[in-house]
2 protein chains.
Amino acid sequence: MKFEETVSHLLSRVATAHKAHLEKRLAGVGLHGGQLSVLFELWRRDGRRQVDLAREIGLATPTVNKILNGMIEVGLVDRTRLEDDARATRIYLTDEGHAIRSRVEEVWLEVEEELLSEFTETERYILFDLLTKVRNYYFGIDPDQTNE
Amino acid sequence: MKFEETVSHLLSRVATAHKAHLEKRLAGVGLHGGQLSVLFELWRRDGRRQVDLAREIGLATPTVNKILNGMIEVGLVDRTRLEDDARATRIYLTDEGHAIRSRVEEVWLEVEEELLSEFTETERYILFDLLTKVRNYYFGIDPDQTNE
DNA sequence: CAGTTATTATTAGCCGGCTAATTATCATTG
DNA sequence: CAATGATAATTAGCCGGCTAATAATAACTG
């Protein structure tokens, strides 16, 4: 049996390499990979509860808690206790968290472009489409239920 | 800017989900994800040095060292010092390491089938092809240089 | 209103990826 | 042969994913 000839194996391999590559690029702006997904979500909408953030990003709450601790340390976000619910906290971007956005977007586009450098426009679309199909299989067709 | 609409983002997301799914399935045969890639390589050829193993799999030597320690503990492989080179070690599959193969292959095929359950034959081929292209970009077209 | 259940954040601890630094050994070269 | 350099394994320690277990608080229910 040839494990190397499965999509499963290819996917793991490619993703690991891509992640490593992304990490190196992000080092240039002083970020880690995990912080990105959180930043993306916060740039979309600020001041959310951790649990909502985690659900939206698709990570476990302890994972984003750990990432957030690091981001607070380097001054990218602030954590504020809710007034009407002493259990929950809201996460707000600091000025630095906002300011870093344009630089990150630049890096992000570069990484995307490098990843797809050998691909035609059509191939890019097809790859995106097929990966979307896999994502929908794993996450279910998410109806973007943004509760508060 | 829409990060969600990049292949980069999709790839990370899908790979994370797939990895988690694989991990759950492997628990059924008492394995962890990292041990798989090592087993694949050992099933291909037994008794290799750690450094060669690592290079072939595409992982850093400390990573495979850590994985191998776990595999030795559960009795999947043995580590033997080379006679003509006291620095190096060879890794051999134990009987258990051989015996587990068929069960793992079963699980592996199931996972692959689940991943691609919604895909036509053509789509599967295309996805494999495109991912291969990405892999070749990141690893270079590996000329399978198997030194000893 | 008292007790139970559910929710939020957190902690602890595992796995697997990495780099940097150590240790031991081999190889080379002067 | 002595010194230097290269190589193999290992250790330490970081990041990011996870589950399980705690603590605090809300919410529900009898």
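Below, chain A is the first sequence line, B the second, and so on; all start at residue 1. What you are looking at is a predicted structure, and each value in this text was computed from that prediction instead of being measured.
Residues Ile67(A) and Gly34(A) come closest through the heavy atom pair CD1-O, 3.6 Å.
As judged by a 4.0 angstrom heavy-atom cut-off over every strand, Gly70(B) is placed among residues making no nucleic acid contact. Residue contacts shown for Thr61(B) include a base, since a base heavy atom lies under 4.0 Å away. Counting any heavy atom pair closer than 4.0 Å across all strands shown, Ala60(B) reaches a base atom. Residue Thr63(B) is in base contact, counting any heavy-atom pair closer than 4.0 Å across all strands shown.
One interatomic measurement links the two molecules: CG of Leu36(A) to C1' of dG17(D), which rounds to 16 Å at whole-angstrom precision. Look at CG on Leu26(A): it is 20 Å from P on dG17(C), rounded to the nearest Å. The NZ atom of Lys19(A) sits 13 Å away from the P atom of dT19(C) (whole-angstrom rounding). Rounded to an integer number of Å, the gap from CZ of Arg55(A) to P of dT7(C) is 12 Å. Here dC18(D) presents its C1' atom at 17 Å from NE2 of His18(B), a figure rounded to the nearest Å. Separating the CG atom of Leu22(B) from the P atom of dG17(C) is a distance of 11 Å, rounded to the nearest angstrom. For Ile57(B) and dG17(C), the CD1 to C1' distance is 13 Å, given to the nearest whole Å. Rounded to a whole Å, the CZ atom of Arg48(A) is 17 Å from the C1' atom of dA9(C).
Thr132(A) places a side-chain N or O within donor-acceptor distance of the main-chain N or O of Phe128(A), the cut-off being under 3.5 Å. Remark: side-chain polar atoms of Glu123(B) are paired, donor with acceptor, to backbone N or O of Thr120(B) under 3.5 angstrom.
Residues from residues 78-87 of chain A that place a heavy atom under 4.0 Å from any atom of DNA chain D, listed by number: Asp85(A), Ala86(A), Arg87(A).
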Inset, instruction - Using the salt bridge (charged side-chain N to carboxylate O under 4.0 Å, His left out) rule, take Glu118(B) and Arg124(B) through it: C-alpha gap first, then chi angles, then the decisive distance, then the call. - result: CA-CA 9 Å; Glu118(B) 315 258 321; Arg124(B) 294 173 188 217; over 6 Å; no
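By the rule that hydrophobic residues join a cluster once side-chain heavy atoms approach within less than 4.5 Å of another member, Val7(A) and Tyr125(B) end up as members of separate clusters. At a threshold of 4.5 Å between side-chain heavy atoms, the hydrophobic network of Ile, Leu, Val, Met, Phe, Trp and Tyr places Phe139(A) and Leu11(A) in one connected group.
Residue Gln50(A) places at least one side-chain N or O under 4.0 Å from the OP1 or OP2 atom of dT10(C).
At a cut-off of 3.5 Å, with distance as the only test, a side-chain donor of His21(B) or Glu114(B) sits close to an acceptor on the other residue. For the residue pair Ser8(B)/His18(A), the side-chain donor-acceptor check at 3.5 Å is satisfied.
None of Thr61(B), Val38(B), Asn65(B) except one satisfies the side-chain contact (heavy atoms from CB on, under 4.5 Å) rule with Gln50(B); the exception is Asn65(B).
Using a 30° and 60° split on the angle between ring planes, His9(A) and Phe40(B) fall in the tilted class, from 30° to 60°.
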Show each protein N/O and nucleotides 11-14 of chain D N/O combination with a separation under 3.5 Å, one pair to a line.
none

N/O to N/O distances under 3.5 Å, protein versus nucleotides 3-5 of chain C:
none

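Inter-residue side-chain proximity for His98(B) and Asp46(B) is flagged as met; some heavy-atom pair is nearer than 4.5 Å. At least one side-chain heavy atom of Leu36(A) sits less than 4.5 Å from a side-chain heavy atom of Val104(A).
The nearest heavy atom of DNA chain C to Thr89(A) and to Glu23(B) marks one nucleotide each, and the one closer to the 5' end goes with Thr89(A).
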